[in-house]
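Contents: one structure, followed by commentary.
What's counted below: heavy atoms across the whole structure, side chains too, no hydrogens, waters or symmetry copies.
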Amino acid sequence: MQTNSKRLLWFVNVLLTMAWYLNIGIVVFVLGILTYSFATGDHYDFDCLVKARTPSGVQVLQSTSVTVKDIVVTPDQYLFKMKVKNSSEQIFLIFVYFLLLEALIMTTLYQLRKVFGSFSRDALFAYENVRRLKITALCFLLYFPLDCLFAWSNYLILQWSGYGDQYMLVTDLSFTCIFVAIVIYIMTDVFQRGFDIQQENKEFI
């Protein structure tokens, strides 16, 4: 049973290592694409989900079943697409957002790699694990304000387009990252207590 657990931890660690190195390649590739597109073009493609402030096109459908009636179809969301002229502010904001996002992803993957690596070596209650899990929890927590920054930038672009009075931005902010951060931080307290007990036992012996 213990051997199977070690194999599972080793396998998870391998997956995290592969994801970490793959993400490095993705960063290099995306930075190259962004740099090339901004250097060779005057505009870049932009899209976001929006809702009309005054919905139109409501359709009343005929019921084909006795179990339902009064069927109304109302357009809810639209995909707003346009080409935005390159500007130093926009380019700076895009690069900053991408680099911050990748910094959080890379840091999270790196810390989890080290944690699961120590687990597979039977170093469960180690101080390094406590520190690395706290850093991981902080990274998950920072995903939320980064999402807010992305939504804010989309809102500004929509306003600059001149259609902000007709459409409002649909944000997809998720609180899952905050919940995960809280769970991981609670786990760090468990590991901290285990580390303290382990140290007390060593001193007693």
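- D45 is listed as a side-chain neighbour of K83, based on a closest heavy-atom distance under 4.5 Å.
- Remark: R132 pairs with E128 by the salt bridge (Lys or Arg N to Asp or Glu O under 4.0 Å) rule, at least two apart or across chains.
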Start with the C-alpha gap between C177 and F179, add the side-chain angles, then the distance that decides, and say whether side chain to side chain contact (heavy atoms under 4.5 Å, CB included) holds. CA-CA 5 Å; C177 53; F179 175 75; over 6 Å; no

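- Criterion: ILVMFWY side-chain heavy atoms under 4.5 Å apart, direct or through other members. Under it, L149 and V170 are not part of a common hydrophobic cluster.
- Contact detail for L93 and S153: the closest heavy-atom pair is CD2-CB, 3.3 Å.
- Counting only heavy atoms from C-beta outward, the side chains of F144 and C148 approach each other to under 4.5 Å.
- Nearest heavy-atom pair, A181 versus A137, reported as atom, atom and distance to 0.1 Å: CB-O, 3.3 Å.
- Under a hydrophobic-cluster definition in which Ile, Leu, Val, Met, Phe, Trp and Tyr are linked whenever side-chain heavy atoms come within less than 4.5 Å, directly or via other members, M187 and V130 are assigned to the same cluster.
- Around the CE atom of M82, the shell of radius 6.0 Å holds more than 12 heavy atoms that belong to other residues, nucleotides or ligands.
- To the nearest 0.5 Å, atom CD1 of residue I94 and atom OH of residue Y44 are 4.0 Å apart.
- The environment of Y155 atom OH is sparse: at most 12 non-hydrogen atoms of other residues, nucleotides or ligands sit within 6.0 angstrom.
- By the rule that hydrophobic residues join a cluster once side-chain heavy atoms approach within less than 4.5 Å of another member, Y36 and F29 end up as members of separate clusters.
- Taking CZ from F150 and OH from Y143, the interatomic distance works out to 15.0 Å, rounded to the nearest 0.5 Å.
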If you apply the rule side chain to side chain contact (heavy atoms under 4.5 Å, CB included), what do you find for L146 with Y97, and how did you get there? CA-CA 7 Å; L146 194 59; Y97 173 79; 3.7 Å; yes

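- I33 and L31 fall within a single hydrophobic cluster, where Ile, Leu, Val, Met, Phe, Trp and Tyr side chains are chained together by heavy-atom contacts under 4.5 Å.
- Scanning all heavy atoms of the two residues, the minimum distance from A151 to L169 falls at O-CD2, 3.3 Å.
- Remark: aromatic rings of F98 and F95 are distant, center separation not under 6.0 Å.
- Atoms CD1 and OH, on I157 and Y163 in that order, are 16.0 Å from each other to the nearest 0.5 Å.
- Applying the salt bridge (Lys or Arg N to Asp or Glu O under 4.0 Å) rule to D42 yields no partners; only residues at least two apart in sequence or on another chain are considered.
- Taken from OG in S161 to CG in L158, the straight-line distance is 4.5 Å, to the nearest 0.5 Å.
- Between the S37 side chain and the L34 main chain, a donor and an acceptor come within less than 3.5 Å of each other.
- Tested against F116 for a side chain to side chain contact (heavy atoms under 4.5 Å, CB included), the candidates N129, V14, V12 yield a single pass: V12.
- Atom OH of Y21 is surrounded by 12 or fewer heavy atoms from other residues, nucleotides or ligands within 6.0 Å.
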For side chain to side chain contact (heavy atoms under 4.5 Å, CB included), just list the numbers for V84 and H43, CA-CA rounded to whole Å, side-chain angles, deciding distance to a tenth of an Å, and then say yes or no. CA-CA 5 Å; V84 181; H43 296 75; 5.9 Å; no

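- To the nearest 0.5 Å, atoms CH2 (W20) and OH (Y110) are separated by 7.0 Å.
- When atom types are taken as modelled, the side chain of N86 and the backbone of G41 share a donor-acceptor pair closer than 3.5 angstrom.
- Taking a 6.0 Å sphere around OH of Y185, one finds it holds 12 or fewer heavy atoms contributed by other residues, nucleotides or ligands.
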Is there a side chain to side chain contact (heavy atoms under 4.5 Å, CB included) between E102 and I105 once you walk through the steps? CA-CA 5 Å; E102 283 299 330; I105 294 175; 4.1 Å; yes

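- Side-chain contact between T188 and R131 is absent, with no heavy atoms from C-beta onward closer than 4.5 Å.
- Here the closest heavy-atom approach between residue T17 and residue R113 is recorded as OG1-NE, 3.3 Å.
- Atom NZ in K134 sits 14.5 Å away from atom SG in C139 (nearest 0.5 Å).
- Linking Ile, Leu, Val, Met, Phe, Trp and Tyr whenever their side-chain heavy atoms come within less than 4.5 Å leaves I135 and L133 in two separate clusters.
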